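Report on one structure; see the data block that follows.
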Amino acid sequence: MINEDLRQSDIPSLDIIQDFQLIENQPSHVAIIMDGNGRWAMNKNLPRIDGHKAGIAAIFPLIDVIINSNIEHLTLYAFSTENWNRPKSEVDGLMGLLEEAIMKETDSVHEKNIKINYIGNTKRLSPNLQKLINNSLEITQSNTGLTCNIALDYGGREEIIQAIKNIIDDNIKSVDINETLINQYLYTANIPDPDLIIRTAGEQRTSNFLPWQSVYSEYFSTEILWPDFKPNDLLKAVQSYSTRKRKYGKL
Ligand code: IPE
Ligand code: IPE
Ligand code: MG
């Protein structure tokens with residue numbers, strides 16, 4: 001169970017909010033590969049599931065800062081198509097935590113005017129999780145603040161395969177295939193490409209995350225394990241982003 005006390009402070013420090021507001025060129029879309037829950041738990045001699053619990057709890061203080069920044073879209077990589085290959089006990093535990101988080105947090109997310117969205121093949125998830133997902137989509141669909149995309153059972157290659165299948169099933173002619181059309185067939189239709197992709201726990205790979213959408217994203221990798229990633233660490237990533245020159249192949 002996610003204890004109430006796992007929810008860290010609900011009120012972000014004013015300093016952090018002010019520091020964010022001072023940053024020019026903030027990314028409009030931040031995507032995060034939340035990695036290192038298992039190592040965090042192992043370092044503390046705890047079961048891996050405790051790392052996932054702490055990982056879910058780490059999300060909320062960040063959201064409270066993000067809703068006070070210029071960031072309009074947040075995408076969180078919660079479970080990949082390859083994560084099904086983990087031991088069943090870990091997958092079941094993780095799915096249980098996700099169910100609990102959606103059940104307990106949807107109302108407070110809704111109160112913050114956040115629109116929830118899911119990207120991935122949600123059909124493979126348990127009927128109860130699918131029900132909770134649909135409920136959270138319904139409750140938050142008209143919200144106009146931050147859009148929070150949860151990548152759940154998401155795989156970039158699978159996303160492209162399903163797009164190709166649907167394009168063929170819709171009898172689209174090859175002459176009509178272009179970037180705009182493909183964008184419309186991805187899970188991320190109507191979501192702008194991520195400006196900044198953060199990966200925690202020091203790995204330098206994308207692990208099947210947004211391959212089509214990330215071609216011009218800026219990457220930021222940090223050694224910090226996801227449960228330890230705090231608003232101040234997000235600030236550092238955004239500060240790094242703000243100093244970069246995005247060239248898109250031009251001079
Ligand atoms: C990220 O933490 C969460 C998921 C992939 C679901 P990990 O569970 O991958 O943690 P490490 O990489 O084993 O430390
Ligand atoms: C990527 O982390 C997936 C998520 C964070 C949900 P993994 O831990 O699954 O990635 P690999 O296996 O180290 O590449
Ligand atoms: Mg990992």
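None of the values given here were measured: they were computed from a predicted structure. In each ligand, atom 1 is the first atom listed, and ligand 1 is the first ligand listed.
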Under 4.0 Å to a heavy atom of [X] - the qualifying atoms of ligand 1, by number:
X     : answer
His52 : 3 (C), 8 (O)
Leu94 : 6 (C)
Asn37 : 1 (C), 2 (O), 3 (C), 7 (P), 10 (O), 14 (O)

Consider only side-chain N and O atoms of [X] and [Y], and report whether a donor and an acceptor are under 3.5 Å apart.
X      : Y      : value
Gln162 : Asn166 : yes
Asn149 : Thr75  : yes
Trp212 : Asp193 : no
Glu159 : Gln213 : yes

Exercise. Under the 4.0 Å line, does any protein heavy atom show up next to atom 12 (O) of ligand 2?
Worked result: no
Closest protein heavy atom to [atom], given as residue, atom name and distance to 0.1 Å:
atom                    : value
atom 2 (O) of ligand 2  : Arg199 NH2, 3.7 Å
atom 10 (O) of ligand 1 : Gly38 N, 2.9 Å
atom 14 (O) of ligand 2 : Ser207 OG, 2.6 Å
atom 9 (O) of ligand 2  : Asn83 ND2, 2.9 Å

For this session: May I ask you to check whether over 12 heavy atoms, not counting those of Asn190, lie within 6.0 Å of atom CG?
Result: no
For this session: Look at atom CZ of Arg246 and say whether more than 12 heavy atoms of other residues, nucleotides or ligands are closer to it than 6.0 Å.
Result: yes
For this session: Would you mind reporting whether Ile116 and Ile133 have side-chain heavy atoms less than 4.5 Å apart?
Result: no
For this session: With heavy atoms under 4.0 Å as the rule, classify the contact between Phe209 and ligand 2 as side chain, backbone, both or neither.
Result: neither
For this session: Under 4.0 Å, heavy atoms only, figure out whether ligand 2 is touched by the backbone of Ala151, its side chain, both or neither.
Result: neither
For this session: Specify whether an N/O/S atom of Asp35 falls short of 2.8 Å from the Mg ion (ligand 3).
Result: yes
Exercise. Is the closest heavy-atom distance from Gly36 to ligand 1 below 4.0 Å?
Worked result: yes
Exercise. Which part of Ala78 is near ligand 1, with near meaning a heavy atom under 4.0 Å away: side chain, backbone, both or neither?
Worked result: backbone
Exercise. Between Tyr248 and Tyr216, what is the ring plane arrangement, given parallel below 30°, perpendicular above 60°, and tilted in between?
Worked result: tilted
For this session: Evaluate the ring planes of Trp84 and Phe79, with Trp represented by its six-membered ring, and classify them as parallel (under 30°), tilted (30 to 60°) or perpendicular (over 60°).
Result: perpendicular
Exercise. Do any N/O atoms on Asp35 end up under 3.5 angstrom from N/O atoms on ligand 1?
Worked result: yes
Exercise. Of the options Ile33, Asn37, Ile198, which is the one that meets Trp226 in a side-chain contact (heavy atoms from CB on, under 4.5 Å)?
Worked result: Asn37
Exercise. Is Ser80 in polar range of ligand 2, meaning some N or O pair under 3.5 Å apart?
Worked result: no
Exercise. Does the salt bridge (Lys or Arg N to Asp or Glu O under 4.0 Å) test come out yes or no for Lys53 and Asp50, once each step is laid out?
Worked result: CA-CA 5 Å; Lys53 268 186 221 174; Asp50 286 8; 3.7 Å; yes
Exercise. Out of Glu203, Arg205, Arg86, whose heavy atom sits nearest atom 7 (P) of ligand 2?
Worked result: Arg86
Problem set entry | Option set Arg39, Met34, Glu82, criterion heavy-atom distance to atom 1 (C) of ligand 1, minimum | Met34
